[in-house]
Amino acid sequence: MGTLLFEFALTCYFAAAIIGMVDLIRGSKDASKLTVWITAVGFILHTAAIIYRYLSAGQVPITSMHESASFFAWCIALLYLVTHFRYRIGILGSFILPLIFLMMLASAMLPREIKPLSPALQSSWLLIHTVFAFLGFAAFTVAFGVGIMYLLQEHYLKTKKLSGLFLRLPNIQVLDEINYRMITLGFPLLTLAIITGALWAEDAWGSYWRWDPKETWSLITWFIYAMVLHIRLVVGWRGKRAALLSVLGFVAVLFTFFGVNFLLKSVHIFE
Amino acid sequence: MSILVVGLNHKTAGVTIRERLAFSEQKLEDGLLGIHALPDVQEAALLSTCNRVEIYASARSVEAAENQIKDFLAAFHGMARADFESSLYVHAEADGIRHIFRVGASLDSMVLGEPQILGQLKDTFDYALTRKTTGIILNRLMKKAISTSKRVRTETRIAENAVSISFAAVELAKKIFTDLSTKAVMLLGAGEMAELAARHLVTNGVQNIRIANRTYERCCELAEVFCGMPVRFDEYIDQMTHVDILICSTGAPKFVLIKEQMQRVMRERRNRPVFIIDISVPRNIDPAVNDLDNVYLYHVDDLQQVVDSNMLERRKEAEKAEIIIDEEVGKFMHWLASLDTVPLILALRQKADEIKLEELDKFRNRCPNLDAATSDAVQYLVTAIVNKLVHNPTVALKENADDRELLAMAVKKLYGLNGDDDE
């Protein structure tokens, strides 16, 4: 049942991503609408899958790479839907859905068995820490997608290629605004995730900070976004440079999430 | 009854002939009623705009009506037929319907896809309706012309994307800014095109306008027109800090804004985006300004290119529109044919016969022991009743009276005959 819900959600995201791609190339209002609604259906199924797993495992279902990637995808879908219904940008889905789908696909390919949680991780910190972390990461992901849209549109405006996709992308000001909002949402969440992580570490392992790779990379990510906000507010960097930095930040996010787990040894690899 | 269109437009007639054949507002009523009174014209409507004069009619005989209309035009405008006949086009039947649909969908307009013509067409028919010169055929044709035009607009992109320079400037501004009403515009130097662009920006919500000009009087004059703020010419660089859209047409022989100046401005603006439109020839603004982040500099040539490519796009969309129109013409022709009385009478009789046979069958099944004589008598009785009931409608339809289409519609509806195509 839980697997089935998960697979259905994955299928919805896949269909939405494909329709989004078609929309990107061909351009059609119906395709944009379809993307949103299929995503919404996928999101509901996905929510049900997560709840089902929570009930059957009896623990917060963010304890393995499979569960984490799935929850990451869920957070992106949530923020995408909120952004869509706030700003009504049809083509946004074409840029975000592939990211949701890829995250979900990564989750689908990772081992799914429910492992008993090691005593060190059994704590209410788990829920608080991971929710902050993944919502923050999801906000950065949306900022990345919107940043790409900004860079494209800015390129079209500068080089005066005013046809095709240019006509379907929204104005650069609104893209800059969403990018900024997502970073101002993601940054405090990441900050809280790091703080709660430190408190939890003190609780579980007896020290706040141990320069574990995950901790280090989170900090690097945190510094990148701190810089984005700082130069925006103090120097007035906006637009293209802010968008480029949010792309860089997203690379750090990906490495913090995937790279550390697969390439480096960390206490965060759920073992 | 046939659809007939007689008219001329910007493609077939020069402005002098269009002017002479145009119906001014005062003459419109006389013209319309005069055409309606022609012996072979049954319904009529009259469209007269600066680009076209067209007469739409439902005619008893196409050739006769065409002749009468041409004679009427000559008499009404005091011209010889030979003077304008070569400029006229005549479309009848399906071609006439297609022409009206194409006009309504703005495929026949000087600026392809421009929206005004549909409104003018609506006015034409509304006017005819108040003067009672139209009937069921033209009324339906009007409704269909309007709905076809809407279909074309929603199913193709014929009316999307600006095809004039000042509109293109506004469209671009909307791709840079979310809300034009909070943005400040400055006109640097004035000229017809700059003013036009400014006017379009105002209709799109811009409220804050500054005007800088070498002669301060002209500056104040323009400021009054736009409810704007006059700015001394030597202060325009300082003002740039507060200006989001700059329209420049000073006619100066050298650049009035160079990269270094703009760099300073951008620092002061904290990099808020600026849209600069340089309408001047030679250029007044250093093209290198476009290299700065968050500055979008467009020269009038760039805008002209946008307009040209949009026009090309519209022509492509027009091909799709023609397909839609063919489809709608087909539907209308089908409806017209359904008003033809001969097949209608046949359909009516057939329906009556079907009912008769069906009921006779039922009756015979219910009384299987009937002798042949009684059965024949019943059949005779039923046939007589049905024939009598159908007789009068048949005669009325055959009469070929002027209200024949109306009758045909009524018969179709009352007897439930192929009533599929009437929404």
Side-chain angles (χ1 to χ4, degrees), chain A residues 23 26-33 83 86-92 146-147 149-181 228-245, chain B residues 154-157 160-162 167-180 182-183 204 241 244-245 265-277 287-314 316-317:
Chain A
D23 183 24
R26 306 269 301 274
S28 117
K29 279 180 190 145
D30 296 336
S32 304
K33 274 189 196 145
T83 311
R86 166 73 180 76
Y87 289 96
R88 300 272 167 195
I89 296 169
I91 199 143
L92 180 64
V146 172
M149 287 165 82
Y150 182 96
L151 292 173
L152 273 174
Q153 187 70 317
E154 203 261 359
H155 173 76
Y156 290 138
L157 275 169
K158 276 283 189 199
T159 55
K160 292 157 191 173
K161 287 188 190 117
L162 309 178
S163 55
L165 190 54
F166 166 79
L167 299 170
R168 278 174 276 134
L169 283 166
N171 67 73
I172 50 170
Q173 198 189 1
V174 76
L175 292 172
D176 190 42
E177 183 190 323
I178 300 173
N179 180 277
Y180 178 58
R181 287 219 172 161
V228 176
L229 289 178
H230 175 78
I231 55 179
R232 184 175 192 114
L233 295 173
V234 177
V235 192
W237 270 27
R238 62 178 79 223
K240 188 177 176 182
R241 296 180 192 196
L244 279 171
L245 278 176
Chain B
T154 49
E155 291 178 26
T156 74
R157 288 200 294 265
E160 265 172 42
N161 309 336
F167 268 116
V170 173
E171 300 266 287
L172 267 172
K174 286 181 177 168
K175 285 291 184 191
I176 298 172
F177 306 110
T178 309
D179 180 9
L180 290 184
T182 60
K183 298 291 170 270
N204 279 277
T241 313
D244 306 295
I245 302 171
V265 168
M266 288 312 283
R267 250 198 311 277
E268 277 165 43
R269 290 178 59 79
R270 298 176 56 79
N271 292 311
R272 275 178 296 125
V274 186
F275 179 30
I276 303 177
I277 305 153
V289 163
N290 195 41
D291 298 340
L292 296 169
D293 269 353
N294 301 307
V295 180
Y296 303 93
L297 169 65
Y298 278 75
H299 187 249
V300 68
D301 289 350
D302 301 327
L303 295 176
Q304 187 58 51
Q305 257 172 26
V306 173
V307 166
D308 291 347
S309 82
N310 286 351
M311 208 58 223
L312 211 68
E313 195 69 26
R314 281 195 181 192
K316 268 194 247 158
E317 291 301 308

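Numbers restart at 1 for each chain; the letters A, B, ... are given by sequence-line order, proteins then strands.
Between the side chain of A/Lys158 and the backbone N or O of B/Val295, at least one donor-acceptor pair lies under 3.5 Å. Formation of a donor-acceptor pair under 3.5 Å by the B/Lys175 side chain with backbone atoms of A/Leu169 is found in this model. When atom types are taken as modelled, the side chain of B/Arg272 and the backbone of A/Arg238 share no donor-acceptor pair closer than 3.5 angstrom. Of the possible donor and acceptor atoms, one in the side chain of B/Tyr298 sits under 3.5 Å from a partner among the backbone N and O of A/Leu157.
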query: Can B/Lys174 and A/Asn171 be said to form a side-chain contact (heavy atoms from CB on, under 4.5 Å), step by step?
result: CA-CA 6 Å; B/Lys174 286 181 177 168; A/Asn171 67 73; over 6 Å; no
query: Can you check side-chain contact (heavy atoms from CB on, under 4.5 Å) on A/Gln173 and B/Asp244, steps first, answer last?
result: CA-CA 12 Å; A/Gln173 198 189 1; B/Asp244 306 295; over 6 Å; no
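More than 12 non-hydrogen atoms from other residues, nucleotides or ligands lie less than 6.0 angstrom from NZ of B/Lys183.
Qualifying ring-ring contact (aromatic ring centres under 6.0 Å, His included) partners for B/Phe167, counting only residues two or more places apart in sequence or in other chains: B/His200. Under the side-chain hydrogen bond (donor to acceptor under 3.5 Å, both in side chains) criterion, B/Asp308 pairs with B/Gln304, sequence neighbours left out.
Heavy atoms closer than 4.5 Å to chain A are found in both the backbone and the side chain of B/Asn271. Contact annotation for B/Asn161: only side-chain heavy atoms (C-beta onward) come within less than 4.5 Å of a heavy atom of chain A. For B/Leu312, no part sits under 4.5 Å from any heavy atom of chain A, backbone or side chain. Contacts between A/Phe166 and chain B at a heavy-atom distance below 4.5 Å involve backbone atoms as well as side-chain atoms. Using a 4.5 Å cut-off between heavy atoms, A/Tyr150 contacts chain B through its side chain alone, with no backbone atom that close.
Comparing A/Asp176, A/Val235, A/Leu167, A/Val174 by heavy-atom pairs within less than 4.5 Å of chain B, the highest count is held by A/Leu167.
For the atom pair A/Glu177 CD and B/Thr178 OG1, the distance stands at 6.0 Å (nearest 0.5 Å). With values rounded to the nearest 0.5 angstrom, A/Lys160 atom NZ is found 4.0 Å from B/Asp302 atom CG.
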